[in-house]
2 protein chains.
Amino acid sequence: MAAQIDNPGRNNPSEDEVLRQIEQAVLDHRLPPGTKLKEVQLANLFGVKRGLIRKVLTRLAHSRLVDQTPNRGARVAQPSVKEGQDLFATRRVIESAILETLIARVDDKTVRQLRKLLGSEQRAYQRGDSELALALSVDFHRQLAALAGNSVLEEYLNDIIRRTPLVILTHLGDDEQNRCRNQEHAAIIDAIEQRNVKNAIKIMNQHLMHIESKIRDKPKAPQADLETLLRPAAERAPA
Amino acid sequence: MAAQIDNPGRNNPSEDEVLRQIEQAVLDHRLPPGTKLKEVQLANLFGVKRGLIRKVLTRLAHSRLVDQTPNRGARVAQPSVKEGQDLFATRRVIESAILETLIARVDDKTVRQLRKLLGSEQRAYQRGDSELALALSVDFHRQLAALAGNSVLEEYLNDIIRRTPLVILTHLGDDEQNRCRNQEHAAIIDAIEQRNVKNAIKIMNQHLMHIESKIRDKPKAPQADLETLLRPAAERAPA
DNA sequence: TCATAAAATATTGTTAACAATTTTATTATC
DNA sequence: GATAATAAAATTGTTAACAATATTTTATGA
């Protein structure tokens, strides 16, 4: 776990700063779901007292990024398939509302801002800098929410953005196929520029569905019956 | 403040229980926005140690129900007008999505459940039991979310429900005019029964707009200029 | 009597110590 | 060598004491 947290022991970080760094480590896929978060270790890593870490873990648990079990400590959360599906479905609702709100108030400066961000994202992809590309693609969604100007929608979207990697990594793994498709960001900006709400929402939904549709219960391996289990090993079919 | 918290010193409540009781006091309009939440007092009231209260306050602050200022303690939050407007606008988005999801899966048993709840609510109104009526009208919305079956939407609606009284009490006061209109709950159930998504959403939006439209910046009193302020008192116009 | 400064009290923030529980390592037994 | 029991170590949970800060009360001077 130590390698996945920034080298933070330098300057006595605040509670908020520690919170942010752990969140960022989740977002960057550096802290996989299920990772045990030990208080003393974190306190040493960040150069803070254990009490501060306990506060941070409380907050992270309250946000569902972390599962806290009494006497067993904290782990990075592992959402169920159902929760993953619910999260993505809700994400479609929130992102659509953001687009609608944004388009009702958009101006040319806003569009230029978005295109500039898209440009950075595209260059990062071209350079093969996948860490930066990931960060910028996340920023794209954040920026839409910030520009829409509804602080509650923004808050919920940021919450969803923080939780999305947990779903993806838990159920699909860390594969570039499961990230934002960059060209869809461009198409969304085009639709925004054209003030075309319907089209923007349509593309956004496709954008999200390409990941969402893969989140489902995997077929369970057929359960061997008791008779099969009790047969001598030589007579069993290969597993 | 003591009178507004349940008599909780009896049985060593858990952290979650203390959290719930404070949330409920906000929801019941017993804890007005701006109320100072003193740690030692709360600890004595609930019969717990101060450390537990600090954890609860951290969680409440993280949920924006409470404002925590360093060295000055915690107060029940007082959302701005803008935040109130954003919250209601977001509520319309979330409630609409819940209705849509619910109607896609509704059966007769669900409709009966909702009608039963509505009946209790109507009887409370008729008896003039306004505390119970308030609680049941809140439960109506909660129930819609629970029955829709998307846990993330449910979570966000519950968050919104907890924060809504803060907006109303801060900006409109504790007036029965600013509560749910009971007949609109009935009309929403009718639309659900008819699987009429469009109509259900329309009524829900009207339901929320009757409060939302009152949340706005009040015109500021004209600011007296310096000349007026420096005139002898006898020559000043009445305030 | 009013305004200001000083003192006292209350409240919030932090900490290390200790208790309780869980996990890991070691030892004993078959 | 495998398993169970025991011991040791690690981790989480709780607490009271103390530090730091804010608020309230009291004293003093004009």
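Residue numbering restarts at 1 for every chain, and letters A, B, ... go by the order of the sequence lines. Values in this document were obtained by computation on a predicted structure and should not be read as measured data.
- In this structure, the side-chain hydrogen bond (donor to acceptor under 3.5 Å, both in side chains) partners of B/T58, at least two apart in sequence or on a different chain, are A/K55.
- When the ring pair (Phe, Tyr, Trp, His ring centres under 6.0 Å) test is applied to B/H207, the partners found at least two apart in sequence or on another chain are B/H141, B/H185.
- Qualifying side-chain hydrogen bond (donor to acceptor under 3.5 Å, both in side chains) partners for B/D129, counting only residues two or more places apart in sequence or in other chains: none.
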Could you pull out all donor-acceptor pairs under 3.5 Å where a side-chain atom in residues 74-94 of chain B meets a protein atom, sequence neighbours excluded?
{"from": "B/R75", "atom 1": "NH1", "to": "B/G34", "atom 2": "O", "distance (Å)": "2.8"}
{"from": "B/S80", "atom 1": "OG", "to": "B/E83", "atom 2": "N", "distance (Å)": "3.0"}
{"from": "B/K82", "atom 1": "NZ", "to": "A/G149", "atom 2": "O", "distance (Å)": "2.6"}
{"from": "B/K82", "atom 1": "NZ", "to": "B/D86", "atom 2": "OD1", "distance (Å)": "2.8"}
{"from": "B/K82", "atom 1": "NZ", "to": "B/D86", "atom 2": "OD2", "distance (Å)": "2.9"}
{"from": "B/E83", "atom 1": "OE2", "to": "B/R163", "atom 2": "NH2", "distance (Å)": "3.4"}
{"from": "B/Q85", "atom 1": "NE2", "to": "B/I215", "atom 2": "O", "distance (Å)": "2.9"}
{"from": "B/D86", "atom 1": "OD2", "to": "A/S151", "atom 2": "N", "distance (Å)": "2.9"}
{"from": "B/D86", "atom 1": "OD2", "to": "A/S151", "atom 2": "OG", "distance (Å)": "3.1"}
{"from": "B/T90", "atom 1": "OG1", "to": "A/N150", "atom 2": "OD1", "distance (Å)": "3.4"}
{"from": "B/T90", "atom 1": "OG1", "to": "A/N150", "atom 2": "ND2", "distance (Å)": "3.3"}
{"from": "B/T90", "atom 1": "OG1", "to": "B/D86", "atom 2": "O", "distance (Å)": "2.8"}
{"from": "B/R91", "atom 1": "NE", "to": "B/E95", "atom 2": "OE2", "distance (Å)": "3.0"}
{"from": "B/R91", "atom 1": "NH1", "to": "B/T164", "atom 2": "OG1", "distance (Å)": "3.4"}
{"from": "B/R91", "atom 1": "NH2", "to": "B/E95", "atom 2": "OE2", "distance (Å)": "3.1"}
{"from": "B/R92", "atom 1": "NE", "to": "B/E212", "atom 2": "OE1", "distance (Å)": "2.8"}
{"from": "B/R92", "atom 1": "NH2", "to": "B/E212", "atom 2": "OE2", "distance (Å)": "2.8"}

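- Residues passing the side-chain hydrogen bond (donor to acceptor under 3.5 Å, both in side chains) test with B/E15 are B/R59, sequence neighbours excluded.
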Legend entry - Heavy-atom protein contacts under 4.0 Å, nucleotides 10-17 of chain D, coded B base, S sugar-phosphate only, - none: -SBBBSSB

